[in-house]
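Notes for the one structure printed next.
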Amino acid sequence: MEQNNEIIYGKNPVTELLKSKAGVDTVFISESLNPSVQNYYIALAKDCGAVVKKVHPMKLKSLCQSENHQGVAAFASTVEYVTLGQILEVAQRRGESPFVVVCDGIEDPHNLGAIMRSAYLMGAHGIIIPKRGGVSVTGIVHKTSAGASMHLPVCKVANIAQAVRTLKEQNIFVYAADFSPQPIYRQNLTGPIAIVVGSEGKGVQPLVKSLCDDIVTIPMCNEHSAVDSYNASVAAGIIMYEISRQRALSK
């Protein structure tokens, strides 16, 4: 994978960058910019999961090394995305059953980075993220993943539901991480597998969940308290560990 880090500045370049849903870490907005224009870029940044920082015009000039920033700049940190087929090719080259992680709307870059870190260390062959409705691979994701994002293949798809259908067509058993009577350790997780992790607030989308073959649940103590669920990246890490553990024992 290739990583490119650069400052993009100017109203049109930054607008197109944000609308493309490419990996954007931080958007810098001049404090002197018209409030309505500021709000426009804040909305675009929020839509693609980027952090917004309002800065003094001189700070922006120094950051861009130019006076032609037009009051807005963005720090772009991207990876070279792969296809789902390329992820499955990784498994084939290793002589292993496919192990794919699907992120259905993860919006916090720290969570995505942590999931990628665990996925890489637990032997996953790749990760799938949506083009819309979730964070891209940004600088924060790179940092939180501790470099795993540079090694784990990432596939960006227009439709998570269709990605699940495609995985099933490849004879990959797809699980959704959600509430279920059956705890994860009672499931056989040794074959070709994909695990769908839902967004921090809403979980796995109903349509996506309906397409999955089954549901995996992590048992909880104090489950009737105000703390009623695991953090998304923690849940993903626990599930991936159990997958990795069972696969290791089955060899």
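For the single chain, residues carry numbers from 1 onward in sequence order.
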Let me check something: do [X] and [Y] share a hydrophobic cluster, defined by ILVMFWY side-chain heavy atoms less than 4.5 Å apart, either directly or through other members?
X: Ile42; Y: Val27; answer: yes
X: Tyr185; Y: Ile239; answer: no
X: Ile218; Y: Val197; answer: yes
X: Ile215; Y: Leu189; answer: no
X: Val234; Y: Val141; answer: yes

(message) Pair Tyr9, Gln70 - check side chain to side chain contact (heavy atoms under 4.5 Å, CB included), show working.
(response) CA-CA 8 Å; Tyr9 57 88; Gln70 298 180 308; over 6 Å; no
(message) Using the rule given for side chain to side chain donor-acceptor pair (under 3.5 Å), can you reason through Thr15 versus Tyr41, listing the C-alpha separation, both sets of side-chain angles and the distance that settles it, and then say yes or no?
(response) CA-CA 8 Å; Thr15 298; Tyr41 285 104; 3.1 Å; yes
(request) Decide yes or no on side chain to side chain donor-acceptor pair (under 3.5 Å) for Lys61 and Ser66, but give the supporting numbers first. (result) CA-CA 5 Å; Lys61 176 183 175 182; Ser66 171; over 6 Å; no
Might you point out which heavy atoms bring [X] and [Y] nearest each other, and give the distance in Å?
X: Ala73; Y: Cys64; result: CB-SG, 3.7 Å
X: Val14; Y: Ala74; result: CG2-N, 4.1 Å
X: Arg247; Y: Ile193; result: NH1-CG2, 3.7 Å
X: Cys155; Y: Thr83; result: SG-C, 3.9 Å
X: Val196; Y: Cys212; result: CG2-SG, 4.0 Å
X: Ser136; Y: Leu112; result: O-CD2, 3.8 Å

Please report the interatomic distance [atom1]([X]) to [atom2]([Y]), rounded to the nearest 0.5 Å.
X: Arg93; Y: Leu88; atom1: CZ; atom2: CG; value: 11.0 Å
X: Ile127; Y: Phe99; atom1: CD1; atom2: CZ; value: 10.0 Å
X: Lys54; Y: Glu31; atom1: NZ; atom2: CD; value: 8.5 Å
X: Leu33; Y: Asn39; atom1: CG; atom2: CG; value: 10.0 Å
X: Ser30; Y: His56; atom1: OG; atom2: NE2; value: 8.0 Å

(request) Give the C-alpha distance, both sets of side-chain angles, the deciding distance and a yes or no for side chain to side chain contact (heavy atoms under 4.5 Å, CB included) between Ile29 and Val52. (result) CA-CA 7 Å; Ile29 299 175; Val52 176; 3.7 Å; yes
Side chains of [X] and [Y], heavy atoms from C-beta outward: is any pair under 4.5 Å?
X: Met116; Y: Tyr120; result: no
X: Gln162; Y: Val157; result: no
X: Val102; Y: Leu167; result: yes
X: Phe28; Y: Leu63; result: yes
X: Asp214; Y: Phe173; result: yes
X: Cys103; Y: Ile115; result: yes
X: Ile129; Y: Val137; result: yes
X: Lys168; Y: Arg165; result: no

(message) Checking side chain to side chain donor-acceptor pair (under 3.5 Å) between His125 and each of Glu96, Gln86, Glu89, which is the one that passes?
(response) Glu96
(request) Please report the C-alpha distance between Gln205 and Lys209 in whole Å, then the side-chain angles of each, then the deciding distance to 0.1 Å, and finally whether the side chain to side chain contact (heavy atoms under 4.5 Å, CB included) criterion is met. (result) CA-CA 6 Å; Gln205 297 178 74; Lys209 191 192 303 184; over 6 Å; no
(message) For Glu16 and Lys19: C-alpha separation, side-chain torsions, deciding distance, then whether salt bridge (Lys or Arg N to Asp or Glu O under 4.0 Å) applies.
(response) CA-CA 5 Å; Glu16 292 306 313; Lys19 286 184 175 180; 5.0 Å; no
(request) List the steps and the verdict of side chain to side chain contact (heavy atoms under 4.5 Å, CB included) for Asp108 and Val135. (result) CA-CA 7 Å; Asp108 186 334; Val135 68; over 6 Å; no
